[in-house]
Amino acid sequence: MKVSCVCCTYGRFSFVQRSISFWLNQDYNDKELIIFNTAISPLSLDSSVAHAGIRVINQPNRIASGEPYSSLGSVREDAITHV
């Protein structure tokens, strides 16, 4: 069974780096980390971790409406569509 973890962030890249470090230390084999970034500034991964089951989704606006996110619930709703 695959384990998916979604990390929602708004440009707090130092915390994302820390989360990636913790994720890479996990010993479960079938896993994925989805980093859902809602900041205007896109986030990209270093090539050294690109193969580690980590995906970055840069999405500064709601998927359906194109409007800016207005609540954490709406962020989570869109983020979960990528699992």
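It should be emphasised that the depicted structure is a prediction, and the values quoted were computed from it without experimental measurement. These numbers come from the heavy atoms of this one structure, side chains and all, not from hydrogens, waters or symmetry mates.
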Less than 4.5 Å apart, any side-chain heavy atom of [X] and any of [Y]?
X   : Y   : value
W23 : C5  : yes
S44 : V56 : no
I35 : L43 : yes

Provide the closest heavy-atom pair for [X] versus [Y] in the form atom of the first, atom of the second, distance.
X   : Y   : answer
Y69 : P60 : CD1-O, 3.7 Å
N61 : D78 : O-OD2, 4.3 Å
V83 : I34 : CA-CD1, 3.8 Å
A39 : G11 : CB-N, 3.5 Å

Set of residues satisfying side-chain hydrogen bond (donor to acceptor under 3.5 Å, both in side chains) with respect to [X], sequence neighbours excluded:
X   : value
E77 : R62
N58 : N37
S4  : E32
D46 : S48

I'd like to check the side-chain contact (heavy atoms from CB on, under 4.5 Å) partners of Y28; sequence neighbours left out, ordered by chain and number.
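Y28 satisfies side-chain contact (heavy atoms from CB on, under 4.5 Å) with M1, V3, D30, K31 once adjacent residues are dropped.
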
Contacts of F15 meeting side-chain contact (heavy atoms from CB on, under 4.5 Å) (sequence neighbours excluded), chain-then-number -> R12

Indicate if L45 and F13 have the same hydrophobic cluster label, given that clusters are the connected sets of ILVMFWY residues with side-chain heavy-atom separations under 4.5 angstrom.
yes

As an exercise, state the distance from CG of N29 to NZ of K2, rounded to the nearest 0.5 Å.
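Reported value, rounded in 0.5 Å steps: 12.0 Å.
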
Measuring from atom NE2 of H82 to atom CD1 of I57, what distance do you get when rounded to the nearest 0.5 angstrom?
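Here the rounded value is 5.0 Å.
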
Would you please test F36 and T9 for side chain to side chain contact (heavy atoms under 4.5 Å, CB included) and show each step?
CA-CA 6 Å; F36 192 77; T9 188; over 6 Å; no

Give a yes or no on whether R55 atom CZ has more than 12 heavy-atom contacts from other residues, nucleotides or ligands under 6.0 Å away.
yes

L33 and its side-chain contact (heavy atoms from CB on, under 4.5 Å) partner, picked from L24, I54, V16:
I54

